[in-house]
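The structure under discussion appears below in the form of structure tokens.
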Amino acid sequence: MELKFQLIDCDYTMVNDLPVVRLFGKTEDGRSVCAFREGFLPYFYVLPKKRDEIVEFLKNKYPQLLVKVEEVERYLPIGFSEKKTKVLKIVLKSPPHVADIREELRSSGLIEEIYEADILFKYRFMVDFGLYGMKWVRVSGNPVKTITVKCPAIRCEAVRSIDIIENAPLKYLSFDIECLPSEGMPDSKKDQIILISLSFEPAFNGMKDMVILAKNVSILGSIPCSDEKEMLEKFKETINKYDPDVLTGYNIEGFDLPYIFDRMDAHGIKKDLGRADKICFSQKFGSAQRSAIVGRVVIDPFYIIKYLSVYDQPHKFRRYDLSTVAEKILGERKIEFEGSIRTFTEEAWNSHGEKLKQFIEYSRKDSDLALKLITTHRLVDMNKFIEMAKLSGLLLQDLMAGQAARHENALLYELIKKDVLLPCKPHGKVFSGSEKKFEGAIVLEPAVGLHKDGAILILDFKSMYPSMIMQYNICPTVLVREGTKIDDKECNISPTGTKFLKKSVREGIFPYVARYYFDSRSEVRAQMKKEQDESKLKILDAKQYALKGMLVSLWGYIGFVGARFHVQEVAASITAWGRENITKTKKLIEENFGYKVIYGDTDSVFVKTDINDLEKAAEKGKEIAKFVTGRLDGLELTFEKLFKTFLILSKKRYAGWSFEKVNNGWKDELSMKGIETIRRDWCDLTSKTLFSVLNILLKEQDTKKAFNYAKDILAKLEKNQIPIEDLVVTKSISKSLKEYKGIQPHIELVKKMRQRSPVGVPGVGDRVGFVIVRGLQLMSDRAEDPEYVKQHGLKIDSRYYIESQLLPPLERVFEAIGIGKSELIGAGRQLLLADIIKNGLKKPKEEALMQADGFVCVKCNKTYRRMPLIGKCSDCNGEVTFYLGENRSRSLNV
DNA sequence: CCGACGCGGGG
DNA sequence: GTGTACGCGTCGG
């Protein structure tokens, strides 16, 4: 019989001491299936030093494991050689032993080098058989009766990949647990789970969700169980009955899954939540945790969003808790409750009515939100991840392992075809970071200040690094090393002197895949223009996105010290060619158009013109782009957009009022780089003020107004006219209070709150919002609960907010526009920000404090740029005073 | 200014 | 399971 399915997961089991590969898949009509493949064995290659001794060594030491040693010819991956090299292919019986043998061979002194000895067996199989994660597979064979997997299985002979753009209908199950902690964060060793909520997509027998309680109490819309054990069994039963492909939930990798596994162990429940008779487990490495559930995919929206936030601006949030993320992406929030989560949980658990009901709804919403984050495709688009899997060949659940794994797996398919070996990962001291860094990209010296007369044209090179990789044939496999008898005429020589064979002689593997990604993307985009079907369009869009991702990260992969193909000279050559290119571009523009290039970074140039008309400026932009493109080989400069006004503070820090041509008009927005208007440790007032100031500067080009606006906010702060909500700073309690060595405002506040009342006080893991109030004590002792401040009419410490919250970011902005310049303030008198504060603060001591240039400890002379929050020296706890200018002797006592 | 360190999410 | 994050902010030197 034949089966056609989309590849969800792959693993292997040992049967009679030999591996059997299992492919888990989903058919077009939504059935779960499994295919067994016997007879595939692990292998790797060595470049021998002492050929015969290696064979002897293996035969003697591993008579049970060794299948054969075969001499074959392959190209070595690093450095060009015309001919293939004789290497030994070592075939073994058992995948788990490969690592041991690899290490023994490494330390034996018998080998020169070892290759492909650290590839997961599932990927060894998949790559060798041309299978890719989430691509479609056709197998033929006979059905087998088995209890080792929970879905229909066949033993197959023929396996092959087939190209189908559509995806099988996947089933998603989201869940969320609630625990009853004794103190701080719940501890799976002692604190039980009291409730599990589940959400289904599509519905499970008509149910959209389900809440299971570890308590025998009838509450409408929930399933009672006699205890935790019965609840966990019900949970497992539900998973196995519903049979989801994707298990999801917010931070389930880091919390819910390991917690559930521990509790199942505690009750002696078998942890077979996957599609096979295999025990699930969760593994910790560093501070991260991963769970494995065979046959299914664990997708944690928390991980995904954090991953996306690295690359995409739209996914950068102030915080990544479920409420914030759901609000931004879905426009929906978590259910709110009064007081701390601990009291909420305790009260719910001790009640039988309203409170418990409310708690159930709270949990139901959490699992529902997590599900929606994955399935609504708004920003977290599963299509994108599916396409990345199809491209790299990685299984969906392994995508987040990193860029390097994606490239290496994708490269392996091509390397095999070309008889080139894949290097092992760097090991030992190479990876310890001792390697000196190479020179990176160029950042042109910025013309600091506000630019407003004449549009600024933003031009950049379309995928500059990939283009260079293709153009100069940059690749470790065609790296021409010293002593090779290759004529320089056959090489591209980088500005750093590194030589690469010309493409016409032999194309390297990196240029080859770059070209493949590049061309495929063009094809996909052409297809998109013809495609009418909405869901197919989405998939095509996801595909071009995935292709772009692979293309642009190719060079970063070569530069990554942990990469199998990391060769420093190669990475350095790319950046060197990039720097040369930008420098040439700047020169071409300045000499031929008479405009100044006022900034540029890596692959872009910012050109200041004298043209105010948007259309005319855009025309000029296109003209410059065309001119430069015609004078550089294989690189295309494009006119991206223009800034009507542009404020640059320093390298990597700027804001601009940008205009981009769309279908029938101009789209404008404020674009910012490096000037963060959102930061965790800033209160809302800081973010709002900074944003408004930039807005006025750029859109109204009114420096005076911007200045007055800032001044007005400071004055309002003085007069207590700022709503307290805008002044709240939030920090979280990461450990028990005793463990804190230093003095921190939010910790001191919690201690204070405990003294006032034992109930409703935040504990470990909670976030504490606080404001700093006026008073004579140390700063940290003046952290106060905003509610308490309101109730008791306390005054906030305006000085703290000016000095520590508002001034630092604002100062940087005003500094850049040159406060001293006459146009700024009518009278022409230099007005420094400090003057404003002086006007607002009347006490001489405070005035002096505001003008302090630094702070110094009277006991040990340690200096600080700012007054330490605790008011004392952090080293010796001595008194801290301030000083003016460079001369510390002028310091006064505070 | 630089490197070590530690945190995030979750109840 | 032939594997083992990562980017950012703080602090101490």
Just to be sure I understand the rule, does [X] reach a base, reach only the sugar-phosphate, or reach nothing, if contact means heavy atoms closer than 4.0 Å?
{"X": "Asp187(A)", "value": "nothing"}
{"X": "Asp176(A)", "value": "sugar-phosphate"}
{"X": "Lys334(A)", "value": "sugar-phosphate"}
{"X": "Ile252(A)", "value": "nothing"}
{"X": "Ala401(A)", "value": "base"}
{"X": "Phe281(A)", "value": "base"}
{"X": "Arg290(A)", "value": "nothing"}
{"X": "Ile177(A)", "value": "sugar-phosphate"}
{"X": "Asp321(A)", "value": "sugar-phosphate"}

Rounded to whole Å, please give me the gap between [atom1] in [X] and [atom2] in [N].
{"X": "Arg342(A)", "N": "dG10(B)", "atom1": "CZ", "atom2": "P", "answer": "16 Å"}
{"X": "Lys122(A)", "N": "dT4(C)", "atom1": "NZ", "atom2": "C1'", "answer": "12 Å"}
{"X": "Ile299(A)", "N": "dG9(B)", "atom1": "CD1", "atom2": "C1'", "answer": "18 Å"}
{"X": "Gln289(A)", "N": "dC7(B)", "atom1": "CD", "atom2": "C1'", "answer": "15 Å"}
{"X": "Glu327(A)", "N": "dG9(B)", "atom1": "CD", "atom2": "P", "answer": "16 Å"}
{"X": "Tyr250(A)", "N": "dG9(B)", "atom1": "OH", "atom2": "P", "answer": "8 Å"}
{"X": "Tyr303(A)", "N": "dT4(C)", "atom1": "OH", "atom2": "P", "answer": "16 Å"}
{"X": "Arg319(A)", "N": "dC8(C)", "atom1": "CZ", "atom2": "P", "answer": "19 Å"}

Inset, instruction - Please check the phosphate of dT4(C) (OP1 and OP2 only) for any side-chain N or O of Lys425(A) closer than 4.0 Å. - result: yes

Legend entry - Qualifying residue, where the test is ring pair (Phe, Tyr, Trp, His ring centres under 6.0 Å) with Phe359(A) and the options are Trp349(A), Phe337(A), Phe344(A): Phe344(A)

To the side chain of [X], which of [options] is closest?
{"X": "Tyr362(A)", "options": "dG11(B), dT2(C), dA5(C)", "value": "dG11(B)"}
{"X": "Asp118(A)", "options": "dA5(C), dG10(B), dT2(C)", "value": "dT2(C)"}
{"X": "Val98(A)", "options": "dG9(B), dG10(B), dT2(C)", "value": "dT2(C)"}
{"X": "Tyr12(A)", "options": "dT2(C), dG11(B), dG10(B)", "value": "dT2(C)"}
{"X": "Pro186(A)", "options": "dG11(B), dT2(C), dG9(B)", "value": "dG11(B)"}
{"X": "Asp366(A)", "options": "dG11(B), dT4(C), dT2(C)", "value": "dG11(B)"}
{"X": "Phe121(A)", "options": "dG9(B), dT2(C), dA5(C)", "value": "dT2(C)"}
{"X": "Gln283(A)", "options": "dT2(C), dG11(B), dT4(C)", "value": "dT4(C)"}

Legend entry - Which atom of Leu422(A) lies closest to which atom of Glu116(A), heavy atoms considered: N-OE2, 3.0 Å

Legend entry - Asp9(A) side chain vs Val294(A) backbone, donor-acceptor pair below 3.5 Å: no

Inset, instruction - Give a yes or no on whether the backbone of Glu346(A) and the side-chain of Asn350(A) come within a donor-acceptor separation of less than 3.5 Å. - result: yes

Separation between the [atom1] atoms of [N] and [M], rounded to whole Å:
{"N": "dG6(B)", "M": "dT4(C)", "atom1": "P", "answer": "23 Å"}
{"N": "dG9(B)", "M": "dC6(C)", "atom1": "C1'", "answer": "14 Å"}
{"N": "dG8(B)", "M": "dT2(C)", "atom1": "P", "answer": "33 Å"}
{"N": "dG11(B)", "M": "dG7(C)", "atom1": "P", "answer": "26 Å"}

Inset, instruction - Mind checking the CE-SG spacing from Met126(A) to Cys10(A)? Nearest 0.5 Å is all I need. - result: 6.0 Å

Inset, instruction - Any chance you could measure Ile416(A), atom CD1, to Asp128(A), atom CG, to the nearest 0.5 Å? - result: 4.5 Å

Inset, instruction - Classify the side chain of Lys306(A) versus the base of dG8(B) as yes if they form a donor-acceptor pair under 3.5 Å and no if they do not. - result: yes

Legend entry - Parallel, tilted or perpendicular, as decided by the 30° and 60° cut-offs, for the rings of Tyr259(A) and Phe255(A): tilted

